[in-house]
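Below, chain A is the first sequence line, B the second, and so on; all start at residue 1.
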Amino acid sequence: MNLLAWAFLFPLPGLLLTAFGRSRHAGVASLLGPIAIAIAGLIFMLSDHTPILVQIDGWLPVLPDSAFLLRLDGLAAVMLVVVGGVSACVYVYSLSYMAGDRGRRRFFCLLDFFVTVMTLLVLAGNLVVLLAGWAGVGLASFLLISFWREKSHTLGAGLQAIAANAIGDAALLLAIVMLPKGSSDLTLLQNGVPLVSGGASTLATLIVIAASAKSAQGILYFWLPSAMAGPTPVSALIHAATMVAAGVYLLVRTSPMLALAPEVLHALAWLGAITALLSGLASLSQQNYKRGLAYSTCSQLGYMFAAIGFGAPFAALFHLVTHAAFKALLFLCAGAVIHAAHGEEELPKLAGMRKQLPQICVLALIGSLALCGLPVLTAGAFSKDLIIEAGLSSSTLPASLLVLSVFLTGLYTGRLYFGVFGATTGDEPQHDLHAPDQLMVRSMWPLAAGAILLGWAGMPLARLLQNAPKDLAIHAVSMNGLLIGALGMTGFGAAFIWQRATKGRARLASFGIDWVPGAAAASRHLALAFAALHNGRLGLYLFTAVLGVALILLMAFGRMG
Amino acid sequence: MSFANNAVSELAPLAPEACVAVGICAVLCADLVPALRTRTAGLWLGVLACAIAAVLALSPARAIVAQMLVIDGVAGLVRPVIALVTAFVLIAGAGERRSANDHGAWATCVLGIGLGAMLVAAAANLIVLWLGLELISLASYALASWRARDRRAAEAGMKFVLFGGAASGVMLFGISHVFGLTGHLDFTGIGAAFAQQMPIAVLASLLMAFVGVAYKLTIVPFHFYAPDVYQGAPALSVAAVGAVPKLAAGAVLLRGLATMLPPSLVPPASVGAVLAVAAMVSLGVASLTALAQRDAKRIVAFSGIGHGGTVLLAAASGGGTAAAASAIFYLLAYAAANVGALLCLSVLERDLGSCELAKLAGAIRRRPWVTVLLCLFLFSLAGVPPLAGFTAKWAVLQQALGGGPMLVAAAFALLASTAIFAWSYLLIIRAAVLAPAPLLPRASGVRMPLPTAFVLLCCAAGTIGLGLWLDALPAIAQVFS
């Protein structure tokens with residue numbers, strides 16, 4: 001059984017085979033890794049749920065927490081199944097999607113690397129091991145976003161991801177520095193007391209900053225829409241289903257500690273709710289199909305953050321699982337459409353795909369309905385309902401923002417869906433289509449099944465987790481659930497009418513709080529100003545140096561006197 | 001005879017310095033033989049001298065030589081490292097300067113820096129400190145303007161001389177006041193006199209006396225010469241001018257703080273806060289200015305300024321051995337990565353004509369291994385785990401976070417500047433690795449000189465090894481205590 005905790009090593013044989021193998025079908029061997037990981041998670045779920053611990057002491061003696069600790073418990077097992085399952089689908093899909101790409105071997109090697117570090121992140125038993133995985137997925141994300149080096153803005157997009165991730169890494173690093181000696185646990189608690197002397201709030205704040213960098217929340221959202229420059233399977237796997245959910249995973253993991261810092265939790269609820277609302281609005285103004293979906297991911301991750309803020313980590317995890325299925329599905333559909341249209345990503349040029357891609361149209365409908373939360377029939381409804389119920393019973397104001405976002409979710413989902421698959425007006429450009437092959441379509445069906453059926457997985461999921469509410473009522477048909485579902489479907493319907501009225505060109509005027517270009521310009525100006533100080537004029541140099549001496553002396557006098 | 005015996009036994013701890021000095025003479029003599037002048041024989045003589053000096057300096061004996069020099073834990077550790085780094089620079093010179101015909105002169109200058117640095121690292125007297133710094137400076141001036149026909153190099157050398165002269169002047173001014181106020185020039189004497197009475201003037205003149213050290217550590221605002229010198233001088237000479245004196249300056253700074261200040265002022269008390277502010281300014285100015293640079297060597301220069309600030313922060317974090325260990329460890333990690341990065345840039349500079357970012361395009365195609373190593377060294381400078389730079393930053397961070405509010409603020413400045421610096425390093429990596437390039441042929445005709453490859457591998461081993469050798473910090477602290 002101990003072997004299961006080493007699941008992060010499972011993709012390595014595939015990685016080596018893909019990297020050094022001579023097969024013409026590069027990447028097939030890699031498929032073993034994700035499947036093995038998913039099976040490892042399933043085996044644990046079927047066992048008696050005793051956590052498996054691996055501890056190697058004295059790994060990094062300089063650290064306060066010097067052990068190398070792996071931990072496979074219910075939460076980790078759920079994540080293993082999600083990561084393994086979605087990756088397996090995406091791998092199969094990529095075999096077809098990347099078939100003609102010259103860098104196919106490199107692509108699969110990078111995916112393998114990502115799955116390895118993502119699994120390490122999930123299986124980490126303490127903050128140090130977690131940080132190794134945490135930084136690793138950031139690196140993998142950068143490498144995959146910038147995968148198509150010959151495209152013009154991929155590198156900039158990758159560097160944006162690195163920059164945002166670095167903030168998260170630094171926050172986690174600080175948290176590790178602050179931990180006292182001998183604290184070897186991811187709960188960051190000892191006998192129910194926070195380990196850091198300053199109380200839980202400092203530690204909780206750092207964890208929240210780290211999580212929001214990884215999950216593109218708050219002002220750190222900016223990198224996720226840009227990350228769409230990478231290949232679409234990458235967007236589905238990393239930037240929708242798994243890596244961006246790592247922030248939520250970390251929050252769920254540390255939720256007992258977070259619970260001791262109610263003010264941080266409250267801020268978290270607001271952070272999630274506002275992100276959900278604003279990125280929903282931002283999605284409505286996107287011209288690019290994938291960017292529209294990316295903002296939707298930000299919005300849904302906002303739901304999960306809010307759920308943790310409401311003190312309902314189980315609801316967040318549940319939504320993470322269902323979201324992984326339907327959002328990966330939506331991205332893979334988008335990939336199929338873009339693939340068919342020879343790389344075209346602009347919405348107006350993609351219109352009228354229903355006739356040409358009927359299967360994709362059905363799959364995308366399933367994904368869209370799950371995202372809107374069609375009650376009873378789709379998985380998204382169950383998990384979203386759970387979050388909003390939790391919110392309404394704890395902090396009403398952010399929860400009402402989330403209810404508003406449900407309508408927005410329907411609206412933007414519908415706008416994207418009907419924009420691509422809606423009725424044609426006849427004046428669309430005719431596509432010389434490159435139809436997806438059966439392998440690609442078949443790889444999406446498991447995800448579609450997940451998007452429909454995973455809603456019923458709530459109860460078994462709750463049994464797996466230690467701190468899930470035992471008396472959990474997952475209502476399929478509660479009154480609130482039906483109302484929320486109806487709201488979502490109203491949005492979806494409104495989008496249909498909107499698209500009709502605008503002949504498939506529905507788009508909100510540009511919306512977004514884009515602080516990044518401003519900050520970039522400011523730092524550039526600052527850099528140039530400082531550089532101007534080093535202009536080569538010796539007189540200025542000497543003057544500054546003497547001024548420096550004077551200032552240091554003044555400061556010393558001030559300190560002494 | 002007994003007098004001679006006494007003198008020998010008293011001076012025995014200085015055998016490494018004597019060895020380097022003899023090495024300099026040997027190189028000069030070899031230079032007189034026409035047959036040897038154009039060969040690299042002079043360089044190898046210097047390497048031999050440094051190697052023997054490094055071995056001699058390893059001796060664990062502690063000694064005080066006439067209140068002038070002291071071989072304490074810090075000096076005992078730093079002196080062999082200085083000798084070793086000097087030897088590496090000389091070895092790399094044998095590879096990189098094959099076609100030159102002035103090996104003897106070049107080796108003399110590098111050895112001069114090494115000797116001066118070893119004296120500074122062991123200095124326990126302000127006059128010896130000043131003499132050592134001058135020895136370093138004089139040799140550095142020559143190295144900086146070696147390419148005399150290059151206008152940029154000549155200008156850099158001129159600025160270096162003038163700026164160095166100013167720093168030296170301020171330092172002498174401070175030293176004369178210290179002597180006037182306390183009647184002592186040796187560190188312990190000054191410390192004793194300072195502890196009895198605490199006139200602000202003593203502190204002020206001490207601060208001025210250490211301007212020369214700040215200048216070698218490239219602390220803002222005594223850093224201005226660095227970017228111009230780095231850009232103008234050949235990359236390999238920069239390795240000698242930049243990394244070696246920093247090691248010595250760090251060592252003497254730690255000793256000065258520990259021995260000359262009265263207990264009420266020793267960091268992390270009030271002086272610590274002053275140093276922390278200086279460190280913050282260095283980190284901020286260097287990291288932001290680096291963003292605007294378009295030359296890889298200038299970026300490395302600003303990185304050196306930032307690293308100097310980090311060392312200052314470590315020294316400001318406390319008078320104990322743990323803080324000293326973190327400062328010295330940081331310098332070791334910096335030296336390994338910095339010499340390595342500059343050597344990579346030296347190879348690329350020779351191949352591509354310049355280290356401007358625009359010219360570096362296609363480096364990965366032309367010199368794949370060198371470029372990969374360059375990335376490794378830059379990653380270490382940026383503080384990416386598990387390389388030495390990360391462990392070192394970590395140690396400094398841990399020290400600073402344990403201090404007062406000013407130190408904690410400086411720790412956050414360190415984090416922020418690390419992120420900003422990472423961006424500048426990425427600019428280099430982008431230029432060398434990712435930027436689309438004219439299809440340069442792989443440099444198959446020009447084989448990598450064996451000495452260069454050897455030094456590069458040693459630096460890489462140091463960079464990785466120091467990162468993975470996790471007991472390094474406790475071990476260094478053990479040496480110091």
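- In this structure, no portion of A/A166 lies under 4.5 Å from any heavy atom of chain B.
- With a threshold of 4.5 angstrom between heavy atoms, A/L159 approaches chain B through its backbone and through its side chain.
- Heavy-atom distances place no part of A/L551 under 4.5 Å from chain B, backbone and side chain included.
- For A/L526, the part sitting under 4.5 Å from any heavy atom of chain B is the side chain, from C-beta outward, and nothing else.
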Derivation of the side-chain contact (heavy atoms from CB on, under 4.5 Å) call for B/F224 and A/L533:
CA-CA 9 Å; B/F224 283 105; A/L533 195 65; 4.2 Å; yes
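- Taking the side chain as every heavy atom from C-beta outward, B/F412 and A/L174 approach each other to under 4.5 Å.
- Contact annotation for B/Y215: neither backbone nor side-chain heavy atoms come within less than 4.5 Å of a heavy atom of chain A.
- Residues B/F173 and A/V549 form no side-chain contact, since every pair of their non-hydrogen atoms from C-beta on lies 4.5 Å or further apart.
- Heavy atoms closer than 4.5 Å to chain B are found in both the backbone and the side chain of A/L528.
- Between A/I552 and the choices B/I219, B/V274, B/V211, B/L275, the side chain to side chain contact (heavy atoms under 4.5 Å, CB included) rule is met once, by B/V274.
- For chain A, the nearby part of B/F390 is the side chain; its heavy atoms alone come within less than 4.5 Å.
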What do the steps show when you test B/V285 against A/H534 for side-chain contact (heavy atoms from CB on, under 4.5 Å), and what is the final call?
CA-CA 11 Å; B/V285 169; A/H534 302 80; 4.2 Å; yes
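- Within a 6.0 Å sphere centred on CZ of B/R430, heavy atoms belonging to other residues, nucleotides or ligands number 12 at most.
- Heavy-atom distances place both the backbone and the side chain of B/A204 under 4.5 Å from chain A.
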